[in-house]
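Order of the sequence lines sets the chain letters (A, B, ...), proteins ahead of strands, with each chain counted from 1.
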There are 2 protein chains.
Amino acid sequence: MKRFVEVEQFLKARGIRLTGERQLIVRRAVSYLHFTAEELVKDVRTIDPTVARGTVYRTLGLLHRTGVVEKHDFRYGPPNYEVTFAKAHHDHLMCIQCGEIIEFQEPRVEHIQEQVVKRYGYQLLSHTHKLYGLCQKCRHVNPKRASKAPMLHVEEIVA
Amino acid sequence: MKRFVEVEQFLKARGIRLTGERQLIVRRAVSYLHFTAEELVKDVRTIDPTVARGTVYRTLGLLHRTGVVEKHDFRYGPPNYEVTFAKAHHDHLMCIQCGEIIEFQEPRVEHIQEQVVKRYGYQLLSHTHKLYGLCQKCRHVNPKRASKAPMLHVEEIVA
DNA sequence: AATCTAGTTGAGACTTAGTCTCAAGAAAGA
DNA sequence: TCTTTCTTGAGACTAAGTCTCAACTAGATT
Ligand SMILES: [Zn+2]
Ligand SMILES: [Zn+2]
Ligand SMILES: [Zn+2]
Ligand SMILES: [Zn+2]
């Protein structure tokens with residue numbers, strides 16, 4: 001079954017009104033792996049130019065609150081969204097040079113997290129675990145940095 | 001030795017011009033555990049109201065590039081900064097209700113991360129690992145929206 | 001089908017956080 | 001001192017997102 005249908009059923013089951021705008025937004029959103037709010041606004045408008053920016057943001061907020069999408073901050077630019085509905089949990093490894101994103105799973109880390117929150121008497125609700133580095137390709141190319149340079153370790157700057 | 005002196009020596013040793021504004025900004029910054037750029041602007045201006053917003057942002061950028069401060073996105077509101085110069089690496093656990101931030105260390109996770117990046121042929125440069133949940137107090141309180149918790153002064157936390 | 005009503009929308013003003021430009025000022029070096 | 005280079009203040013500007021409200025609509029009720 002198409003992913004957007006599952007999402008729509010989920011929303012329906014939660015008593016959330018399924019408007020034409022929301023259907024369009026959900027259908028465009030599931031077509032991406034990661035996207036920004038403004039990218040989604042633009043995309044949705046190529047299909048229906050009358051959809052207001054506010055509607056896209058409100059719908060994204062709705063999807064986020066209901067757990068259908070996750071919000072990622074990959075440090076560079078505005079937050080990225082990802083439709084994680086009915087998708088296994090994973091964390092991210094990103095190349096700071098070319099932007100490649102790898103999704104990884106590490107049950108050992110998930111387990112240790114539980115120990116950490118218990119240690120402090122917390123109830124864990126969510127988490128993010130992001131690794132930043134250079135992929136094999138980018139490691140061997142000219143280390144010239146882009147204008148919006150990522151933070152480098154002190155040793156690298158001195159060198 | 002005062003922490004701001006160490007930071008200033010570090011900047012000096014790197015040939016970075018130590019202006020009066022930068023000294024003031026560094027001294028105010030080290031007095032916090034976590035702070036936002038706008039909070040720092042306000043704070044600095046209570047001492048010298050003529051310091052321009054741009055100067056604070058530029059200096060924060062400088063401190064970030066040189067590894068003196070780290071930038072955190074705790075999801076709610078603008079990014080938080082933290083002076084991590086000469087401070088042991090740690091990750092963060094945050095209460096989404098009251099904004100309390102706990103710093104934790106987990107060598108086991110640090111080790112697993114290395115295995116992950118190796119698995120994909122990456123070179124690890126940095127990472128963030130953030131756990132979100134409810135602290136013991138907030139767990140038993142009527143759920144409300146995540147607040148913009150006030151930043152805490154180091155002295156207040158010690159007290 | 002017609003009606004009802006609470007939830008949703010478009011439009012655009014507004015806000016917040018941050019960037020950029022540039023003339024003037026200040027630091028370090030000769 | 002003079003010179004060069006870097007830094008600053010001021011404020012215009014931008015990007016991203018929020019808010020308001022009259023008009024509209026989905027879904028429920030009749
Ligand atoms: Zn995880
Ligand atoms: Zn790469
Ligand atoms: Zn860590
Ligand atoms: Zn709390």
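- Taking the six-membered ring for Trp and the full ring otherwise, B/Phe104 and A/Tyr120 have centroids separated by 6.0 Å or more.
- Annotation for A/Ile96 and A/Tyr132: closest pair CG2-CB, 3.8 Å, computed over non-hydrogen atoms.
- Here the rule is side-chain hydrogen bond (donor to acceptor under 3.5 Å, both in side chains) with A/His90, and of A/His129, A/Glu106, A/Glu103 only A/Glu103 fits it.
- A salt bridge between B/Lys87 and B/Glu82 is present, with a side-chain N of the basic residue lying under 4.0 Å from a carboxylate O of the acidic one.
- In this structure, A/Leu40 places its CG atom 14 Å from P of D/dA16, rounding to the nearest Å.
- Using a 4.0 Å cutoff on non-hydrogen atoms, the parts of residues 53-71 of chain A near DNA chain C are A/Thr55, A/Arg58, ordered by number.
- When the C1' atom of D/dG9 is taken as reference, atom CZ of B/Arg22 falls 14 Å away, rounded to whole Å.
- For B/Ala37 and A/Thr19, each mapped to the nucleotide of DNA chain C holding its nearest heavy atom, the one lying further toward the 5' end belongs to A/Thr19.
- Contact record, A/Thr59 with A/Arg22: OG1-CG, 4.0 Å, taken as the closest heavy-atom pair.
- No engagement by B/Pro49 is indicated, since no non-hydrogen atom pair under 4.0 Å with the nucleic acid exists.
- Whole-Å rounding puts the B/Glu38 CD to C/dT15 C1' distance at 12 Å.
- In this structure, B/Glu21 places its CD atom 17 Å from P of D/dC6, rounding to the nearest Å.
- Atoms CG (B/Leu24) and P (C/dA26) sit 16 Å apart, rounded to a whole Å.
- Counting to the nearest Å, the P atom of D/dG27 and the CZ atom of A/Arg14 are 16 Å from each other.
- Here the C1' atom of nucleotide C/dA26 and the CD atom of B/Gln23 are 13 Å apart, to the nearest Å.
- Under the 3.5 Å distance criterion, the side-chain polar atoms of B/Arg139 are matched with a main-chain donor or acceptor of A/Gly121.
- Summarising the geometry, the separation between NZ on B/Lys12 and C1' on D/dC6 is reported as 13 Å, rounded to the nearest angstrom.
- When each of B/Val51 and B/Arg17 is assigned the nucleotide of DNA chain D with its nearest heavy atom, B/Arg17 is the one assigned upstream, toward the 5' end.
- In the model, B/Glu39 has no side-chain atom that pairs as donor or acceptor with a side-chain atom of B/Tyr81 under 3.5 Å.
- Using a 4.0 Å heavy-atom cutoff across all strands shown, A/Thr36 reaches no nucleic acid atom at all.
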